[in-house]
**Q** 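Would you mind keeping the following structure in view while I ask a few things?
Being a predicted model, the structure only gives us computed values, none of them experimental. The residues of the chain are indexed from 1 along the displayed sequence.
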Amino acid sequence: MWELSTHYLWWILAFLLIAGELLLPGYFMLWIGLAAAAMGVVLWAVPALGALAQAVLFGLLVFAFCVAYARWLRPRLERRAPGDERLNRRGEQMIGRRYELIEPIVNGRGKARVGDGQWLVSGPDLPLGSTVEVVAVDGTTLQVRAAA
């Protein structure tokens with residue numbers, strides 16, 4: 001019967017954990033898998049490490065990898081490019097733009113042509129065809145003022 005070195009067992013565990021991460025993504029098993037791979041490297045360099053020392057070191061490595069992800073890597077991955085804060089909020093992307101009224105603003109309500117569609121607008125009473133500038137968004141209504 002052949003005997004498998006302990007560092008190979010850690011690498012097999014690392015492979016299984018990382019493969020599990022691919023099947024069930026969530027960025028958790030990946031860090032445990034990387035700690036297991038690091039344990040394989042440690043045992044390859046220091047093969048006489050006892051089982052208790054391996055367990056303690058593995059726990060410390062898991063903790064270190066998870067903290068490194070949470071404090072260093074995750075904030076860098078979540079950093080957004082300038083302008084992305086309005087990416088899925090179409091109305092807010094219109095702030096500062098100018099549009100033509102297709103329905104006059106009467107009693108504070110009207111409609112403006114936006115692209116090939118129309119949006120409800122609210123603001124000071126203005127005649128049909130006036131150019132308005134969007135100053136804010138309230139739900140699906142654009143708050144406008146007369147464009148200078």
Side-chain angles (χ1 to χ4, degrees), residues 6-46 49 51-148:
T6 310
H7 66 277
Y8 287 122
L9 295 175
W10 282 106
W11 287 336
I12 291 169
L13 177 63
F15 173 78
L16 292 174
L17 287 166
I18 294 171
E21 181 67 42
L22 293 174
L23 296 174
L24 304 167
Y27 283 124
F28 185 71
M29 289 188 287
L30 174 65
W31 308 113
I32 299 171
L34 290 175
M39 276 302 301
V41 171
V42 168
L43 283 178
W44 176 70
V46 184
L49 202 59
L52 180 60
Q54 288 180 37
V56 170
L57 183 58
F58 178 64
L60 291 173
L61 285 171
V62 168
F63 181 75
F65 275 94
C66 289
V67 167
Y69 165 69
R71 301 227 175 169
W72 182 75
L73 184 61
R74 187 175 185 181
R76 283 167 177 70
L77 293 175
E78 290 180 351
R79 197 175 290 160
R80 293 184 173 173
D84 282 354
E85 59 274 357
R86 295 183 184 172
L87 182 61
N88 290 323
R89 298 188 303 225
R90 183 173 177 215
E92 291 181 22
Q93 293 176 2
M94 295 181 199
I95 294 174
R97 293 191 181 175
R98 295 178 178 202
Y99 301 105
E100 183 179 332
L101 291 178
I102 58 170
E103 195 174 286
I105 299 178
V106 178
N107 296 327
R109 294 287 205 199
K111 290 185 182 177
R113 173 151 326 276
V114 177
D116 62 351
Q118 55 188 352
W119 281 62
L120 293 173
V121 295
S122 67
D125 289 354
L126 293 169
L128 176 72
S130 298
T131 302
V132 293
E133 181 180 351
V134 179
V135 293
V137 180
D138 182 23
T140 58
T141 304
L142 303 175
Q143 308 292 323
V144 297
R145 67 177 176 208

**Q** For the residue pair F58 and W10, does the interplanar ring angle fall in the parallel (under 30°), tilted (30 to 60°) or perpendicular (over 60°) class?
**A**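 F58 and W10: tilted rings.
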
**Q** Does V132 reach the side chain of L126, with side-chain heavy atoms less than 4.5 Å apart?
**A**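 The answer is yes, as the side chains (C-beta and beyond) meet within the 4.5 Å cut-off.
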
**Q** Is a donor on one side and an acceptor on the other found under 3.5 Å between the side chain of E21 and the backbone of M29?
**A**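 Side chain of E21 to backbone of M29, a donor-acceptor pair under 3.5 Å: yes, one is there.
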
**Q** Under a 4.5 Å cut-off applied to non-hydrogen side-chain atoms, are T141 and V121 in contact?
**A**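 Side-chain contact under 4.5 Å: no.
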
**Q** Less than 4.5 Å apart, side chain to side chain, heavy atoms only: is that true for V144 and I105?
**A**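 Yes, at least one pair of side-chain atoms sits under 4.5 Å.
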
**Q** Atom CG of L34 and atom CG of L17: how far apart are they, to the nearest 0.5 Å?
**A**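 These two atoms lie 9.5 Å from each other.
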
**Q** For the atom pair CG (L120) and CD (E103), what is the distance rounded to the nearest 0.5 Å?
**A**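 So the gap between those two atoms works out to 8.5 Å.
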
**Q** Would you give the length of the straight line joining atom CG of L16 to atom CD1 of I32, rounded to the nearest 0.5 angstrom?
**A**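 Reported value, rounded in 0.5 Å steps: 13.0 Å.
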
**Q** Give me the atom names and distance for the closest heavy-atom approach of G40 to H7.
**A**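 It is O-CB, 3.2 Å.
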
**Q** Would the distance check show the side chain of Q54 and the main-chain N or O of L49 forming a donor-acceptor pair, the cut-off being under 3.5 Å?
**A**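 Flag set: sc Q54 to bb L49 pair under 3.5 Å.
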
**Q** Minimum heavy-atom separation for P104 and P127, please, with both atom names.
**A**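 What the structure gives for the nearest pair is CB-C, 4.0 Å.
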
**Q** To the nearest 0.5 Å, what is the distance between NZ on K111 and CD on Q118?
**A**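 One finds 4.5 Å between NZ of K111 and CD of Q118.
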
**Q** Is R76 atom CZ crowded by more than 12 heavy atoms from other residues, nucleotides or ligands, each under 6.0 Å away?
**A**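 Result for CZ/R76: enclosed.
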
**Q** Are any of the side-chain heavy atoms of M94 and Y99 separated by less than 4.5 Å?
**A**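 A side-chain contact exists here, since the closest heavy-atom pair is under 4.5 Å.
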
**Q** Considering all heavy atoms of both residues, which atom of Y69 and which atom of P75 are nearest to each other, and what is their separation?
**A**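 What the structure gives for the nearest pair is O-CD, 4.2 Å.
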
**Q** What distance separates L61 CG from C66 SG, expressed to the nearest 0.5 Å?
**A**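 Reported value, rounded in 0.5 Å steps: 10.5 Å.
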
**Q** Can you name the salt bridge (Lys or Arg N to Asp or Glu O under 4.0 Å) partners of R74, sequence neighbours left out?
**A**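 R74 satisfies salt bridge (Lys or Arg N to Asp or Glu O under 4.0 Å) with E78 only.
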
**Q** Under a 4.5 Å cut-off applied to non-hydrogen side-chain atoms, are V135 and I95 in contact?
**A**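 No, every pair of side-chain atoms sits at 4.5 Å or beyond.
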
**Q** Tell me, with the steps shown, if L60 and V56 meet side chain to side chain contact (heavy atoms under 4.5 Å, CB included).
**A** CA-CA 6 Å; L60 291 173; V56 170; 4.2 Å; yes

**Q** Could you check if a side-chain atom of W31 sits within less than 4.5 angstrom of a side-chain atom of L73, using non-hydrogen atoms only?
**A**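 In contact.
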
**Q** Return the CG to CG distance between L52 and L57, rounded to the nearest 0.5 Å.
**A**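 Nearest 0.5 Å value for the CG-CG distance: 11.0 Å.
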
**Q** Between the side chain of D138 and the main-chain N/O of Q143, is any donor-acceptor distance below 3.5 Å?
**A**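 Answer holds: no.
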
**Q** Before accepting this row, confirm whether a basic side-chain N of the pair E133/R145 lies closer than 4.0 Å to the acidic partner's carboxylate O.
**A**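 Looking at R145 together with E133, the answer is yes, because their closest N to O distance falls below 4.0 Å.
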
